[in-house]
Amino acid sequence: MADFSLKPVEAPDSNAKKLQEGQEFFVQDNVGRVLNCRVTKRLPDGKFVAEIVGLGGEGAKSVKELIGETITVGWEEVRFDAPPGVTTVQ
C-alpha cells in the first residue's frame, strides 16, 4: 500500500461518505499531484481503501508507476472533480 500525505478538501462533500466499491473520485497530495482513485473496500472507520487508476498535476508523469497501488482515504479528502487545469494520465 502506498503512503501519501493527502490534502483535505476545503469544503468536504458529505456525499463522499456514501462512496461504494467501484466508484471513482480524486484526491490531491501535499506535493500537488492529483490521484484518480477507485474504491476497492470500505473500512469500518468510514475510510476507504482505493486503487490509484490515474494521476495528474505536477510530477504526474514521473510517478506513473503508482498506478495500481492502493491507498487509504478519508471522506474529507475526496474530490469529485479534478482541480481546474489538471488532466489525468492513465
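In this structure, SG in Cys37 is found 11.5 Å from CZ in Arg79, a value given to the nearest 0.5 Å. Once rounded to the nearest 0.5 Å, the distance linking CD of Glu77 with CD1 of Ile71 reads 8.0 Å. To the nearest 0.5 angstrom, Leu35 atom CG is 9.0 Å from Phe25 atom CZ. To the nearest 0.5 Å, atoms OG1 (Thr40) and CD (Glu21) are separated by 7.0 Å.
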Begin from the C-alpha positions of Glu24 and Asn36 and carry the test side-chain contact (heavy atoms from CB on, under 4.5 Å) through to its verdict. CA-CA 7 Å; Glu24 292 189 15; Asn36 182 9; 3.5 Å; yes
Tell me which donor-acceptor pairs under 3.5 Å the side chains of residues 9-16 have, and how far apart each pair is, sequence neighbours excluded?
from  : atom 1 : to    : atom 2 : distance (Å)
Asp13 : OD1    : Asn15 : N      : 2.8
Asp13 : OD1    : Asn15 : ND2    : 3.3

Got a list of side-chain donor-acceptor pairs under 3.5 Å for residues 41-55, not counting sequence neighbours?
from  : atom 1 : to    : atom 2 : distance (Å)
Arg42 : NH1    : Lys17 : O      : 3.2
Arg42 : NH1    : Leu19 : O      : 2.4
Arg42 : NH2    : Lys17 : O      : 3.3
Asp45 : OD1    : Lys47 : N      : 3.0

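In terms of modelled atom types and a separation under 3.5 Å, the side chain of Gln20 and the main chain of Lys18 share a donor-acceptor contact.
Between Leu6 and Val73, the shortest heavy-atom contact is CD1-CG2, 4.0 Å.
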